[in-house]
Amino acid sequence: MRYHGSCHCGRIAFDVEGELDQLIDCNCSHCSRKGYLLWFVPRERLQLATPDADMATYTFNKHAIKHRFCPDCGCAPLALGTAPDGQPMAAINARCLEDLDLAGVKRVPVDGRSF
Ligand SMILES: [Zn+2]
C-alpha cells in the first residue's frame, strides 16, 4: 500500500509505502501529549516532498530521534531516527495519513512512560 500524508496546512507532505499492520500507542510524556499513533518503517520507504529546512525539529531525552513538525500549523507528522541495528528509520504519525481507517488498525500499547 502507498499512503499520502501531510501536516494540516500542507507544508510538510510525504508518501509512505508498506503494510500498515500495527500502530504503536505509547504513553510516554511526549507521545501522549501529541497523540501520536506511530507506524515504524525503514527510512527508504518514506518519500518526503518537503525540503529539510522547511521542517522544525524537536528532540528530547537522548536526542536520538528527530521529531519533525510544521512551523506553520504545528502538526507533527513524522520522526526520523535510527534502529538499534543502525538502520535509518522513520516513525509516521498515522493520524496525518489520508484515506486510512485508523479504527481498523491494530494498536500496540507501549509503556514508554516506564522506560
Ligand atoms: Zn503545516
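Each ligand, and each atom within it, is numbered from 1 in the order the structure gives.
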Worksheet entry | C75 near the Zn ion (ligand 1) via N/O/S, less than 2.8 Å | no
Fill in: Non-hydrogen atoms of R95 and G35 that approach each other most closely
NE-O, 2.6 Å
Item to complete: Supply the atom-to-atom distance D54 CG to L48 CG, rounded to the nearest 0.5 angstrom.
Response: 11.0 Å
Discussion item. Below 2.8 Å, can you find an N, O or S atom of H8 next to the Zn ion (ligand 1)?
Written reply: no
Worksheet item: In degrees, rounded to 10 degrees, what angle do C73 atom SG and C7 atom SG make at the Zn ion (ligand 1)?
Response: 110°
Discussion item. Once rounded to the nearest 0.5 Å, what's the spacing between atom CG of L100 and atom CH2 of W39?
Written reply: 8.5 Å
Discussion item. Nearest 10°: the angle subtended at the Zn ion (ligand 1) by C70 SG and C9 SG?
Written reply: 100°
Worksheet item: Do the rings of Y36 and H30 sit parallel, tilted or perpendicular, given the 30° and 60° boundaries?
Response: perpendicular
